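Worth saying up front: this structure is predicted, and the values here are computed from it rather than measured. We count residues from 1, following the sequence as given.
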Amino acid sequence: MIEVVLNDRLGKKVRVKCNEDDTIGDLKKLVAAQTGTKAEKIRIQKWYNIYKDHITLRDYEIHDGMGLELYYN
């Protein structure tokens, strides 16, 4: 289990516990459950790299305690 911190830069930080084998789509569902937003409306990125839903966290080299950017479409 790893913990990922997502910051929406509007004053909300979300901490999510997930596995490295989970996909970005799974991470979006966990974030949606905590924030109350629909998973389809969430975009996760780091700098200018927008993460695709079907790729795992391990493939993107997302580790424990890593911070990602959270945007609402």
Side-chain angles (χ1 to χ4, degrees):
M1 291 287 279
I2 62 171
E3 185 177 60
V4 181
V5 180
L6 295 110
N7 187 356
D8 70 353
R9 302 174 78 181
L10 298 171
K12 186 184 290 185
K13 275 191 178 178
V14 181
R15 292 180 175 269
V16 179
K17 289 198 180 283
C18 54
N19 293 317
E20 285 187 338
D21 297 335
D22 290 347
T23 62
I24 295 293
D26 297 336
L27 179 62
K28 284 183 181 182
K29 290 175 188 169
L30 293 170
V31 171
Q34 282 194 10
T35 60
T37 341
K38 292 183 180 178
E40 305 88 46
K41 295 283 185 184
I42 293 174
R43 185 176 81 227
I44 297 174
Q45 67 184 56
K46 182 76 171 183
W47 289 92
Y48 295 105
N49 297 331
I50 299 173
Y51 293 148
K52 308 283 186 211
D53 286 354
H54 63 281
I55 300 177
T56 64
L57 302 180
R58 180 177 288 134
D59 292 339
Y60 276 126
E61 298 180 359
I62 296 173
H63 305 294
D64 190 32
M66 191 166 175
L68 302 173
E69 298 167 12
L70 175 65
Y71 293 99
Y72 308 109
N73 290 337

Supply the atom-to-atom distance R15 CZ to E3 CD, rounded to the nearest 0.5 angstrom. 5.0 Å
Take C18 and D26 through the test side chain to side chain contact (heavy atoms under 4.5 Å, CB included) and record every step on the way to the result. CA-CA 9 Å; C18 54; D26 297 336; over 6 Å; no
Could you list all the side chain to side chain donor-acceptor pair (under 3.5 Å) pairs where at least one residue sits in residues 59-68, not counting sequence neighbours? T56-D59
Could you go through D53 and T23, starting from their C-alpha distance and side-chain angles, then the distance that decides it, and tell me whether this counts as side chain to side chain contact (heavy atoms under 4.5 Å, CB included)? CA-CA 6 Å; D53 286 354; T23 62; over 6 Å; no
Could you give the distance from CD1 (I62) to CD1 (I2), rounded to the nearest 0.5 Å? 7.0 Å
Heavy-atom pair of closest approach, residues I24 and I44: CG2-CD1, 4.5 Å
Is it true that L57 and V5 fall in one hydrophobic cluster, defined by side-chain heavy atoms closer than 4.5 Å? no
Set of side-chain hydrogen bond (donor to acceptor under 3.5 Å, both in side chains) partners for E69, sequence neighbours left out: Y71
Of all residues at least two apart in sequence or in a different chain, which pass the side-chain contact (heavy atoms from CB on, under 4.5 Å) check with K12? D8, V14, T35, Y72
I'd like to check the salt bridge (Lys or Arg N to Asp or Glu O under 4.0 Å) partners of R43; sequence neighbours left out, ordered by chain and number. none
Among all residues two or more places apart in sequence or in another chain, which pass the salt bridge (Lys or Arg N to Asp or Glu O under 4.0 Å) test with E20? R58
Heavy atoms only: give me the nearest I50-Q45 pair and the separation to one decimal. CG1-OE1, 3.4 Å
Could you work out, with side-chain contact (heavy atoms from CB on, under 4.5 Å) as the rule, every residue matching A39, not counting sequence neighbours? K28, K29, A32
